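Working notes, beginning with the structure itself.
Just so it is clear, the model here is predicted, and its values are computed rather than measured.
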Amino acid sequence: MPLLASFKALLFLAFALTPLTSQAAAYPLEAEYEVPAAKEVGTTAGQLRIRGMAGGGLIASIRERSTASVALEGVIEKMFAPWIGLRASGFISVPFDGQLQLISARLGPSVHFLPYRAVDVGLFFDGGFATLDLFTDIRTAMAMLGSGTTLDVYVTSSVAIHFEGLLQGGIASRNGDARVILMPSLLTGLGFVF
Amino acid sequence: MKKRILIIGAGPSGLAAAANILEMAANEVEVTIVHMGHHVGGKAASYVNAAGEHIEHGWHMVLGFYTRMRGLLARAGISFDRAFSSMRGQSHVYETWSKRLHTIDASGSKVAFAARFSQYDGLPFGDRANYSRVMADAFLFATSGANLLEHDDICFDAWAQERGLREHVTRYAIFRVLREGYFNFPERISAYHALQTLRLMSDTQKAEAFVCRGEWSETVWKPVAAYVERLGAKIIPYTMVTDFIYEGRRITGLRVSRPDPEGHHHGASSWPKGGIPREANSDHALSTFDSVISTIPVGVLCTLNQTDQAWWQSPFFARIKNLRSATTLAMRIITKEPVRQLMGPVFGMRAPLGIATDMTGHLTEKHGPGSVIDFCGQEAGFESWSDDAIVDFTLENYARTLGMKPIARADLSWLEFHRNASNHEQLLLCEPGVNVFRPGAKTPFHNLFFAGDWTRNDVDVVCMEGAIASADSASRAALAYLSQI
């Protein structure tokens, strides 16, 4: 019987204390002031994406052998929709041994196939102008077209590792001859996205 | 014979409408203003009552883009520089993630402000870049001449997220500032209101904030009322409209009664919630007018013509019933000893009194050696909290925000807290989709015109400048009507 009485007393206390404890008003807007951890990654509308890349490329001219060079590229891309953006690129090749050097500036649309995801692939097409051997006496200006494919792997909301395969092409006038210049490059780098 | 215009309400829109009409047509029109309180200024009133208590309907700022208001004050002979004190572009935001107060200095040119903001440490670097980019996009969009009204049916949080703002960034205090500033916190704010605000505050001069150096009613509204009286207006206090009387599409009379001044202790407290007490046998009808401009707040308007089904079922008035208001809260404290002084308002403190401004250096009248701090906010979410609970919570919260030792009531030489619960003191909520339900100046009655911050107008955001802009439309419409009859 004492056990039953204790149990009843416990029950009574439990019910009696419930209203007392609930009277201590909790702050009603607690959740409004919490800043949750960033969880969004991926390509979205409105984003501005800035990246710097380095890699290697081959610069080839028809009728001449191709030569390898270091490739450096900087890209600013503005997304107008989650899938479509406009990118502006600046490219410079650093030849190993005094061979052809290409510097280009291009602008064109980009397409992203996997927005809102941690891994995104895309294509771009662009055009602009370029110079060959800008820092020599035989510098040449020409129009340049480019196209390529991209792979973005988001590390955080703001940072992505970027891979890019790029093919640039144009026709340069050299010593009175028209020379088709092609430069395929593979680049990788870090992108800052905001 | 002069045409007669009756203006209901002696707040910013009622006084501005009277001034406009009499400046344009004093020889042709008679203006009478009726209002239910004893102090002019409506929701923008503040005054010291007979007992020496500071009564505040809601702390107010004047912003640089309030050009209509500045014009009205100048015409009334009020020196803006003498009446108002600049906060020099300073404001402060308390961020819970950093547990610190971060200062925003918006003085100087846009470029200087942008450069300073780039060093603002109130957000982590990646989030700051994201916030700045989206707000820059929003600013460019708002000032592009685009039709912003198309963005009224979405909240600004969602609008910004559609443009790439990360969801968690909407939770920082700096993004919440617009909602808090319009007393729309914890409610959402319409993207239209946010973008229209960015358009109105499109440079640092237009965004510069000023506070009144004294009580609003004495410093601003009484001189404006005296000005309209000099122009020929008659102002009748303690007259509360209870019903519109109409025939067809014309307002023929108003049922009015006299509120019982005991109901708000002769100005020592707010009117009680749920209905204004009236003096016995004071009901009568007013019909000595040709046209009426009503500046009645929407909350009160919805209590008129209670038994008139046809009125409230008509498409025009039925939509007004959808509008909601917020119960504003105001508090002034004077500390015995000075506390950490800050120029400009502090945002981001915990609701319900989430905005605080140190008024010490701005007020003409000195209040001893301590600091004078005004708090404002709104009640939503805290309806069940007692006045004491709100006061104690706010004092503790303010001290924590500023990194000071807790402020106890014993540290104060003065404390005034006002819960502006009655309908005529409530502020329109500018929530998403609200504009569909806001009327303009014209109504289905040919001689009835609406004004007030809750009506559609050229400024169109809920503020004193909006109220005064609405008076421009209503007074022009009323005069146009009178010229035809």
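Here the shortest heavy-atom pairing between B:Arg133 and A:Ala45 reads NH2-O, 4.3 Å. Minimum interatomic distance between B:Arg176 and A:Glu32 (heavy atoms only, all atoms of both residues): NH1-O, 3.6 Å. Minimum heavy-atom separation, A:Ala26 to B:Trp385: O-CZ2, 4.2 Å. Closest of all the heavy-atom pairs between A:Leu29 and B:Ala380 is CD1-O, 4.4 Å. Nearest heavy-atom pair across A:Gly46 and B:Asp137 is O-OD2, 4.0 Å.
Considering only heavy-atom pairs separated by less than 4.5 Å from chain A, the leading option among B:Phe125, B:Phe382, B:Phe393 is B:Phe382. The choice from A:Ala37, A:Pro36, A:Pro82, A:Ala81 that makes the most heavy-atom pairs within less than 4.5 Å of chain B is A:Pro36. By number of non-hydrogen pairs under 4.5 angstrom with chain A, the leading residue of B:Pro352, B:Ala351, B:Gly381 is B:Ala351. In terms of heavy-atom pairs under 4.5 Å with chain A, the best-connected choice from B:His168, B:Arg128, B:Glu162 is B:His168. Interface check for chain A: of the options B:Ala389, B:Gly126, B:Gly348, B:Ser132, the most heavy-atom pairs under 4.5 Å are formed by B:Gly126.
Within a 6.0 Å sphere centred on CD1 of A:Ile76, heavy atoms belonging to other residues, nucleotides or ligands number 12 at most. Counting non-hydrogen atoms of neighbouring residues, nucleotides and ligands closer than 6.0 angstrom, the CZ atom of A:Phe113 exceeds 12 such neighbours. Heavy atoms of other residues, nucleotides or ligands lying less than 6.0 angstrom from CD1 of A:Ile171 number 12 at most. The local environment of CD1 in A:Ile50 is crowded, with over 12 non-hydrogen atoms from other residues, nucleotides or ligands closer than 6.0 Å.
Contact annotation for residues 133-168 of chain A against chain B (heavy-atom separation below 4.5 Å, listed by residue number): A:Ser157, A:Ser158.
At least one cation-pi condition fails for B:Arg171 and A:Tyr33: the charged atom is not both under 6.0 angstrom from the six-membered ring centre and inside a 45 degree cone around its axis.
Taken to the nearest 0.5 Å, the OG1 atom of A:Thr44 stands 7.5 Å off from the CG atom of B:Asn130.
In this structure, B:Arg166 contributes its side chain and A:Lys39 its backbone to no donor-acceptor pair below 3.5 Å. In this structure, A:Gln47 contributes its side chain and B:Gly164 its backbone to no donor-acceptor pair below 3.5 Å.
Residue B:Tyr131 does not touch chain A at all, counting heavy-atom pairs closer than 4.5 Å.
You'll find the side chain of B:Asp127 stays beyond 4.5 Å of the side chain of A:Phe194, heavy atoms only. Using a 4.5 Å heavy-atom cutoff, the side chains of B:Arg350 and A:Glu30 are in contact. For the pair B:Arg163 and A:Met79, the minimum side-chain heavy-atom distance is 4.5 Å or more.
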